[in-house]
Amino acid sequence: MKKDKIVISLAGNANVGKSVIFNHLTGLHQHIGNWPGKTVEKAEGTLHFKGHTIDVVDLPGIYSLSTFSIEELISREYIAVENPDLVINVVDASVLERNLFFTLQLMELETPIVVALNQMDMAKKKGINIDHKKLEKILGVPVVPTVATSRAGIYELMQTSVDVVEKSIGNPTKIRYGEEVETRIQKLSEMASKLQLPYPARWAAIKLLEEDEQIEGRIRQLNPKIVSAARKLAKEIERIHRHSCSTVITSERYEIAGRIAREVQEIVPPTKLPMRERLHALTTHKILGYPVMVVVILSIFFAIFSFGDYTSQLLGTLFENVYSVYENLFGTGMLATLIWGGVIEGLIAGITIALPYLIPFYLALYFLEDSGYLSRIAFLMDNLMHKIGLHGKAFIPMMLGYGCNVPACLGCRIMETERERLLATFVVTLVPCAATSVIILGLVGAYVGFQWALLLYVIDLLIIFILGRIAFKILPGEPTGLIMEMHDYRTPHLKTVVKQAWFRLKEFVIMAFPLIIAGSFIIKLVDILGFLEPIADVLSPVTVVWLGLPAITGITLIFGVLRKELTLLMLATLFETADFSTVVGFGSVQMIVFTLVAMLYIPCVATIAALVKEQGWRRALFITVFEIAFAIFVGGIAYRVLMLTGM
Amino acid sequence: MLHTKESALEKKLSQLKPGETGVIVSIQALTIHHRHHRRHGWGFQRRLEDMGLTPGTKVVVVKSAPFHGPIEIHVRGSSLALGRGMAERILVSVEK
């Protein structure tokens, strides 16, 4: 049978090289979006292969097809219900047993499978030799050895995939459990086969025995008797094995995976401790690991900020020149000013964040992630993050936050549960981003003293800690601990790193640019209409009376919503000097209070957009309003304390 | 749970020292009394099992982070980081 259009999905554990294969297959024809109604990424692409048009869907990296995470639910619903023509199961040859556990589950979904036995080079380095022909025979599905990073085996993989779809080759072996489990599966699957289910009856039967809530719910609607029969059968198994039925099934499935792995692989561990293992030992060392981490992170930030500073100055000069041309062409009329100040400057604002800072930032991030270092950082920081009810993985978005809060918010997706995501998102919006650092260092650092700038960072960390802890106590639910695979260090695949950075950048531009432009347009309009001063007056009870700041700062704080460093730039414009030490009524106390408020008061408009995207507008609104109120509260207290100290 | 104290000793996984090996006996679900949280206690246990930490599995502790931080274990040919709280709920038997 010749099919014109074939749908293939890629499935497998995390970090097995799935996205590298996806990139090889689809090249530039990719579309990254979200699964409908979910904050889980969906990557799709198209390729043409020997006259076929093939749609490739990259499923999230998961370890099981249970209901632990949204990613797992999405994947199994997709495979079972959408019924792709083929699933390419990408398997890490160097961790065969764990990966086969997932393969077995895919086989139970009775969908046509081709196994891509990937990272064969890595396996070889670890002294693991795999007889893929034997594996093919045991599983009854085609197995193609690949080294995705060097494109080896990709052609064969596609050829085999098309063959499987067209000629229906492959006869997947039935996975048989122990006698006590097997007879009960068969009993249940007979009952389930009478129902109209989108899943194979045997799979549904297994899931029923595992007390899978989602499947139970579905079947209860059709025939509640089957669910109660399943519960009874599960209890019987529990009595025999003295473990819960799902434990027994998982255990047996792993036993099968282990047996197959042992049968097909031969391990001759290398005698010399390889470089990557020494690196692993160093970077997770209980003492040395920390200084290494600090040096790595600081040097990355230093490199990014130096590059960013240099590039944004270049861009600044460029845009100044553009402006003089613009002025010559359109004059300084009201409309011309509005378009320049509102629309074009908004665009410039966006570009000067994205180009100099975000691009290198994303590149560095994905480079570290792909190499495997991020998981080591999560390991080192787990303990500390537990204090605010999160686990080690949450340190990664937090770290991102020091660069920009937007990727940090999006990065909170690595947390497993809804609760953790919300908590982490809240925490990262309190982290001072690069723009906030410009204020802290440019105002307090330059005019009050570096130690005061440092103190502000420490205060911010304390605030994060305290608020995080309070949020952790208030939010219902139990904290999850860290369970994370630490895959071997490897050389990152540059093309994949660049591509991931590119997609993130695109996402940022689409999400944030319209808002930044709209925001600056509105503020410019208000300015031209002469409403800025009245607004500053309205705000004066807060700014002047409570915070002890000049009334004019109210205006700059409004501008800060667009981009936080604008508060400082605006301040210079409004004070008509860039030397703040000469401004009367804006002494050390005011500078510190102003910076403190600017640091805490609101996530910028782009961050709010990211918050809305990840958490919905209600939570975004709540976090925003809370942080404004909190910043004003803390600022007022700081003002009074500082006055008391007689500064 | 049956104890076979003659030949083996039962310990929490978190109590093993780096280099020590244990065989998983059981995983204790969280003791949560709120009705809505039932799933969570389960979720955690199933997650561990899905990662290969099933009863009868051999686990080697590779290292443990300072100040009661997470531990690194070797299980089924791969390396896992496990939070201290998780490791405390895993009972293992250790050969004497």
Side-chain angles (χ1 to χ4, degrees), chain A residues 63-64 66-69 72 92 94-99 101 128 210-211 213 241-244 246-248 250-255 257-258 261 267 280-281 284-287 289 375-376 378-384 386 391-392 416-417 476-488, chain B residues 1-2 13-14 18 24-58 62-91:
Chain A
Y63 293 96
S64 173
S66 57
T67 55
F68 178 75
S69 62
E72 293 181 357
D92 181 352
S94 70
V95 198
L96 194 57
E97 184 172 345
R98 173 185 314 294
N99 279 261
F101 173 76
I128 303 172
E210 289 179 330
E211 294 187 42
E213 286 189 2
H241 288 272
R242 275 191 254 107
H243 284 292
S244 81
S246 76
T247 304
V248 173
T250 308
S251 218
E252 290 193 7
R253 201 182 279 136
Y254 253 115
E255 282 320 305
I267 307 178
H280 170 74
T284 55
H285 189 275
K286 59 181 167 187
I287 298 162
S375 62
R376 273 72 182 183
F379 177 77
L380 291 176
M381 298 308 288
D382 182 55
N383 198 17
L384 202 65
H386 264 291
H391 61 65
E416 290 90 349
T417 62
E478 199 43 44
T480 15
L482 180 72
I483 315 172
M484 176 184 67
E485 189 179 8
M486 289 198 278
H487 70 77
D488 290 304
Chain B
M1 194 56 57
L2 283 178
L13 181 58
S14 54
I24 297 177
V25 175
S26 66
I27 295 171
Q28 298 178 322
L30 293 176
T31 45
I32 295 165
H33 304 293
H34 310 283
R35 186 165 43 99
H36 295 293
H37 295 168
R38 179 188 158 250
R39 252 200 84 200
H40 234 101
W42 276 100
F44 137 81
Q45 185 182 354
R46 285 196 184 171
R47 178 64 168 171
L48 287 174
E49 288 169 1
D50 280 341
M51 297 302 282
L53 297 165
T54 54
T57 308
K58 201 173 101 177
V62 180
K63 68 174 58 146
S64 70
F67 310 114
H68 289 275
I71 61 171
E72 182 192 351
I73 56 172
H74 260 228
V75 63
R76 299 185 190 274
S78 73
S79 169
L80 285 188
L82 209 59
R84 182 69 54 161
M86 303 262 135
E88 274 170 4
R89 296 201 171 92
I90 300 173
L91 271 186

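As a basis for the values below, the full set of heavy atoms in this structure was taken, side chains included, without hydrogen atoms, waters or symmetry mates. Per chain, numbering begins at 1; letters A, B, ... match sequence-line order. Being a predicted model, the structure only gives us computed values, none of them experimental.
Residue A:Tyr254 touches chain B through both its backbone and its side chain, counting heavy-atom pairs closer than 4.5 Å. With a threshold of 4.5 angstrom between heavy atoms, A:His280 approaches chain B through its backbone and through its side chain. Residue contact with chain A, scored on non-hydrogen atoms closer than 4.5 Å, involves the backbone and the side chain of B:Met51 alike. Heavy atoms of B:Val75 lying under 4.5 Å from chain A belong to its backbone as well as its side chain. Using a 4.5 Å cut-off between heavy atoms, B:Leu53 makes no contact with chain A at all.
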Practice prompt. Take B:Glu72 and B:Ser79 through the side chain to side chain donor-acceptor pair (under 3.5 Å) test and state the conclusion after the steps.
Written response: CA-CA 7 Å; B:Glu72 182 192 351; B:Ser79 169; 2.9 Å; yes

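Between chain A and the options B:Ile27, B:Leu48, B:Asp50, B:Leu82, the largest number of non-hydrogen pairs under 4.5 Å is found for B:Asp50. Among the candidates A:Asp488, A:Leu384, A:Thr284, the residue making the largest number of heavy-atom pairs closer than 4.5 Å to chain B is A:Thr284. Highest contact tally toward chain A, considering only B:Pro66, B:Gly85, B:Gly77, B:Gly83, is held by B:Pro66 [criterion: heavy-atom pairs under 4.5 Å]. In terms of heavy-atom pairs under 4.5 Å with chain A, the best-connected choice from B:Lys63, B:Arg84, B:Arg76 is B:Arg76.
For A:Glu485 and A:Tyr63, the side-chain atoms include at least one donor-acceptor pair closer than 3.5 Å. Residues B:Glu49 and A:Ser251 have side chains that never bring a donor and an acceptor to within less than 3.5 angstrom of each other. For the residue pair A:Thr250/A:Thr247, the side-chain donor-acceptor check at 3.5 Å is not satisfied. Between the side chains of A:Glu416 and A:Ser69, no donor-acceptor pair is found at a separation under 3.5 Å.
Taking a cutoff of 4.0 Å between a charged side-chain nitrogen and a carboxylate oxygen, A:Glu72 and B:Arg47 qualify as a salt bridge.
Residues forming a side chain to side chain contact (heavy atoms under 4.5 Å, CB included) with A:Glu252 (at least two apart in sequence, or on another chain): A:Tyr177, A:Val181, A:His241, A:Val248.
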